[in-house]
Amino acid sequence: MEYTPRAIEKKWSEWWTKKQVYRVSHTTDKPKYYILNMFPYPSGAGLHVGHPLGYIASDIIARYKRLRGYNVLNPMGYDAFGLPAEQFAIEKGVHPAVSTEQNIRYYRQQLENLGLSFDWSREIRTCDPKYYKWTQWIFSLLFEHYYDLDAQKALPIAHLVERFSQEGNARVRAACDDNTPKITAEMWNNFSEREQQLFLLHYRLTFPEESFVNWCPALGTVLSNDEVKDGVSERGGYPVERKRMKQWSMRITAYAERLLEGLEEVDWPEAIKEQQRNWIGRSQGATVQFPLQGHGDLYIEVFTTRIDTIYGATFMVLAPEHELVPRITTATRWAEVQSYLKWAASRSERERMAEVKRVTGVNTGAFAINPFTKAAIPVYVADYVLAGYGTGAIMAVPSGDQRDWNFARAFQLPIVPILDSQKNLEEAADPTKEGRYINSGMINGLTYEEAVPVLLKWLEENGLGKARTQYKLRNAVFSRQRYWGEPLPIYWKDGVPYLLPQHELPLVLPEIDKYLPTEAGEPPLARAHHWRYRPSPNEVYEYEYSTMPGWAGSSWYWYRYMDPHNDEAFCGQEALQYWRCVDWYIGGAEHAVGHLLYSRFWNHFLYDLGLVPEREYAKKLTNQGMIQGRSSIVFRAKEFFYEEYLWVKVLQPFLKEYEPMIIPKNRMEETFTYDFAFAVNDLAIEVVSWKLVDKIESVRRTAEADGKRLLVLFIEELAKNINQPELTAEKIRTALHSREPFFMAEVVPEIDQLFVSYELTHKYSPECFSRLYVDISLVNNDVLDLSAARHLPMFQRANFKVGPEGQFLCGSEIEKMSKSKYNVVNPDEIVEQYGADCYRMYEMFLGPIEASKPWDTKGITGVQGFLKRVWGHFVGPNDTWLVNEEPPSSEEWRALHTAIKKVTEDIERFSLNTCISHLMILSNELRTLKCHKRAILEPTVVLLAPFAPHLAEELWHRLGYESSVCDASWPTFDERYLASDRVVYPVQVNGKLRGNIEVDASASQETIVQIALEQDFVRRFLGDNGVKKVIVVPGRIVNIVA
RNA sequence: GCCCGGGUGGUGGAACGGUAGACACGCAGGACUUAAAAUCCUGUGGCCGUUGAGGCCGUACGGGUUCGAGUCCCGUCCCGGGCACCA
């Protein structure tokens, strides 16, 4: 019987489901292994070949760990709240729950197609009230806790209330808003209930506040910083503006230091850790107060990392939003300052970013006193100082800071050198810390290391400043003005938010008539008129109408998998103590500072409360690379046309030939998008005269009459010169027709020419496609000889370029797969054609898990052939069973145990592509040895099982087993089988390889040296030189130094 | 500008400081076929030379450490990613 993957895979996939082979429980003595994939957002487009990369890799590890005797948790679920479902609902009126459900069903089916060992009984979705009950519960906990800086952990708000009532807040060291007033116990006790509640908001770990947020008018919602890229929304690319709004916030800043420290204890990619460190942005420095001249006690507080440069501070700059600006600006300067503030406020984030180089600012007329020099220095307003960082004000040291230097130059302010090593201050600032201080009062002559403590001591003694650590990390905005998300368990009373009692959870998302904001601009939930909190018959309160952001549900989901059906707790303690944390987490690097930071924050918080056992929930993280698509080449035709027709030639290095293409002028307003998936692998095509455009026009019209959007391609005949002289237009036509639906071909009899049309958005043909280089030139040029242009850099990099003679050159781009780029490859097609085992192995064989690479099926036949050959070791023609019980030879043993060793080592270090190589080598050797022995083949099946589970299961059962191959045990490597009595040593002379010698394995170093020196090839290269030294690395190499 | 990754055949990619290019694709030649497909065998970094000798050069570039460097160190160039008036 032939190897028939689809039949085998269907059979075993059903059997696995029936036998519940992948069901796991925590009641076992086995050690645990928790492997987790970042759960997907179930989009309408379904999976493409890029998604399963991580799933397959983790599945292989999961199966391997199971074979090694671990109890493996390998769950899957869906991050099911989110914008696309809501956008779809707005456009099509379909309830997000309905479309989400549909999408999930499709995902599930696609995933099941791949033979992944997920325990589907643990499937979760974040939009399920049984799930988000606990998301809301965690939110409640955050609301009821504050971060205590003395205890270095979260403590209950009740604890704070207790302290306030006894001693006020003067001695309370806690993470709180910068503008938290100082209160005494008396004040607190005299506060009304409402005032107390408002005051506590300064401390709660989640709280509403007026703040500047990224408002996206097109999406009608706020976005977090990591959802904004280059001033536009990451999703959709809509403009984003800064807007002051009331929003819920998460006090993640309280955990800045711990989030930073925690990175030290996890095995994550350095790039991700580095990104998180940058995002947290810790910098150590000091705050300093600069008294304002003539304003009584008023002072400007600045933050600086270079306190040592303070003697060089010759002016100060406030951010335009700084509260002191209107208070200190002198009357004569006010008009100018005001117009600057107005201008600055009108600038979008984008403009500001685009004009970084431009120096703008204005003098306030006020003076501040440099506390060290006692000099009065002018105070400016400029938007190179950001309101949101530090104190929103700086001391400007033009000799040491380039931005200050630029400003000083533009405004003719003094630039005072402060270190004897500073150079070229006429041309640029010099931020050096080398040398000794000059012009610097009490630190003159000191070095950087000596000066800093002196200055800090002086500041603290005089109450003018102190050392401080500053973070770039901002509190995370936690509300969205959207429908499809978790409602916040909050109701409002007297303008104060109150927590919904726990027994009211989950607060279920209400039904509404339209998924849009109200006319009054309130979030969609405000449309639910009867959705009110009624704790008693005569009390009615409004709920909070915002919903939680996308990252809420994904910030704790790995715990839910441990105990997914628990109605009493987010996760039962027993399950929690057994599974503890994720051993290996796999997902995309795009979540580096979003999900991966927020989820760590929640985990630290839960850890503080003693609810979870580990500070860091993911011990190891791997970012699987992206499988990219080859994007269509996009012609914005009107940019190129000015003549009648556009003449496009496609150079396919793959075919070493060209394709002609003509785009008629009347289509040039359109954007042409087309893919090249030539099924004409074996055909070559030659360019013909462009004079036949009229004929092309007629074909095009016919095609359009059929309602198809077509590009018309014109081919005279196949290349006579490429081994196929006998091919006629008729033959090509047949060939192309057989490749439906990708091609249409038409012969125009009167001129005996063939026209081929490509569907504009056809799918990739798996057989063949290749990188393309395209040359476009105008029709009135003659046919260009592209071979001459081939070496040009513009051809070598596949990017769009304009050629020297006005021709346009472009190539296909390799980028992220996305529906909008028509470059999506659906795994179902590959599975249908080659089988899931083949698809799994091929995707792994492509390269390391972390590497990104374009999807390309070129090599898949190699894996296919491998699987067929594996089958062939067991099953012969007519389904004969080839396996026998003979004892293996030493060569056979060695082949097997080499493979066991290599595969085990490589799988342990997650190098799955090389594992597959080793399996191939084993298979190749077994074929050479014509080995059909059970003692060899049985362990081989187990080695193969993680990679090609269906095939392995089939063979395992044919070998006579009734239980699943998943429960076999991993073969043990035995060194004895690798032992050999002869060893081959490569011999180098002066570091260059000159030959090999074979010696007894037991030979002493002296013997080896002696044998090596006797060799002809050694003597030849030694010449007359005597041997200086011989290095023998046992078992590896001999190097003779002359 | 700053911080991370990377640069190895025609291609994807292998190589604890120890025989560079495993494995696979592609290509070339051959076998089997009426033919094609499938399958199998052989070869395949470049150059020179042999025509079953062999030699030289090769891991972006230039230096260095070492008996020995793709791997470690210094400098340069290029590519990818992240951050960016962060004081």
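Proteins come first, then strands; the chains are lettered A, B, ... in the order of their sequence lines, and each starts at number 1.
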| said: With a sphere of 6.0 Å drawn around CD of A:Glu975, does it hold more than 12 non-hydrogen atoms of other residues, nucleotides or ligands? | reply: no
Q. Parallel, tilted or perpendicular: which describes the rings of A:His591 and A:His595, with under 30° parallel and over 60° perpendicular?
A. perpendicular
Specify whether A:Tyr3 and A:Trp871 have parallel, tilted or perpendicular ring planes, treating 30° as the upper limit for parallel and 60° as the lower limit for perpendicular.
-> tilted
>> Just to be sure I understand the rule, does A:Ile394 reach a base, reach only the sugar-phosphate, or reach nothing, if contact means heavy atoms closer than 4.0 Å?
In response: base
What's the gap between B:C72 and B:C79 when it is taken at their C1' atoms, as a whole Å value?
23 Å
Look at all strands and tell whether A:Asn924 reaches a base, only sugar-phosphate, or nothing, counting heavy atoms closer than 4.0 Å. sugar-phosphate
Stems of at least 3 consecutive Watson-Crick or G-U wobble pairs (donor-acceptor distances under 3.5 Å) involving RNA chain B, listed by first number, are B:1-7 with B:77-83, B:10-12 with B:23-25, B:26-31 with B:39-44, B:45-48 with B:54-57, B:60-64 with B:72-76
Quiz item: Is there a donor-acceptor pair closer than 3.5 Å between any side-chain N or O of A:Gln402 and the backbone N or O of A:Ala429?
Solution: yes
**OP:** Write down the distance separating the C1' atoms in B:G26 and B:C78, rounded off to the nearest Å.
**Re:** 27 Å
For the pair A:Asn370 (side chain) and A:Ile310 (backbone), establish whether a donor and an acceptor sit closer than 3.5 Å, ignoring hydrogens and angles. yes
_Using a 4.0 Å heavy-atom cut-off, does A:Arg869 contact any base of the nucleic acid, only the sugar-phosphate backbone, or nothing at all?_
sugar-phosphate
Between B:G29 and B:G21 - C1' atom distance, rounded Å
23 Å
Closer than 4.0 angstrom, basic N to acidic O: yes or no for A:Glu274 and A:Arg277? yes
Practice item. With C1' as the reference atom in both, quote the distance from B:A14 to B:U59 in angstrom, rounded to an integer. Key: 12 Å
Might you list the N or O atoms of the protein lying below 3.5 Å from N or O atoms in nucleotides 50-59 of chain B, with each pair's distance?
residue	atom	partner	partner atom	Å
B:C56	OP2	A:Arg994	NH1	3.1
B:C57	OP2	A:Lys992	NZ	3.0

Next on the checklist: Side chains of A:Asp404 and A:Tyr384 only: does a donor on one sit below 3.5 Å from an acceptor on the other?
Outcome noted: yes
Please state the C1' separation for the pair B:G43 and B:G10 - nearest whole angstrom.
16 Å
message: Do A:Ile272 and A:Asn623 have side chains that approach each other closer than 4.5 Å (heavy atoms only, starting at C-beta)?
response: yes
Review point. Base, sugar-phosphate alone, or nothing: which one does A:Lys472 contact when heavy atoms must sit under 4.0 Å apart?
Key: base
Point to revise | side chain to side chain donor-acceptor pair (under 3.5 Å) evaluation trace for A:Thr861 with A:Tyr834 | key: CA-CA 9 Å; A:Thr861 52; A:Tyr834 296 96; over 6 Å; no
(Q) Roughly how many Å apart are B:G13 and B:C25, using the C1' atom of each and rounding to a whole number? (A) 11 Å
Testing B:A87, B:G82, B:A22 for proximity to the side chain of A:Gln275, the answer is B:G82
Picking from B:A87, B:C4, B:U19, the nucleotide nearest the side-chain atoms of A:Ala271 would be B:C4
How far does the P atom of B:C16 sit from the matching atom of B:C67, given to the nearest Å? 22 Å
### Task
Pick base, sugar-phosphate or nothing for A:Pro848, based on heavy-atom distances below 4.0 Å to the nucleic acid.
sugar-phosphate
Taking only the C1' atom of each, what is the distance from B:G12 to B:G62 in whole angstrom?
30 Å
Rounded to whole Å, the CG-C1' distance (A:Asn406 to B:C85) equals 10 Å
Hey, what are the protein-to-nucleotides 16-18 of chain B N/O distances that come in under 3.5 Å?
residue	atom	partner	partner atom	Å
B:C16	N4	A:Arg1036	NH1	2.9
B:G18	O2'	A:Arg1036	NE	3.2

Margin query: Counting only heavy atoms from other residues, nucleotides and ligands, does the tally under 6.0 Å from NZ of A:Lys273 exceed 12?
Written below: yes
Point to revise | A:Asn913 side chain near B:A24 phosphate (N/O to OP1/OP2, under 4.0 Å) | key: no
Given the 90°-from-0 boundary between syn and anti, B:G9 should be labelled syn
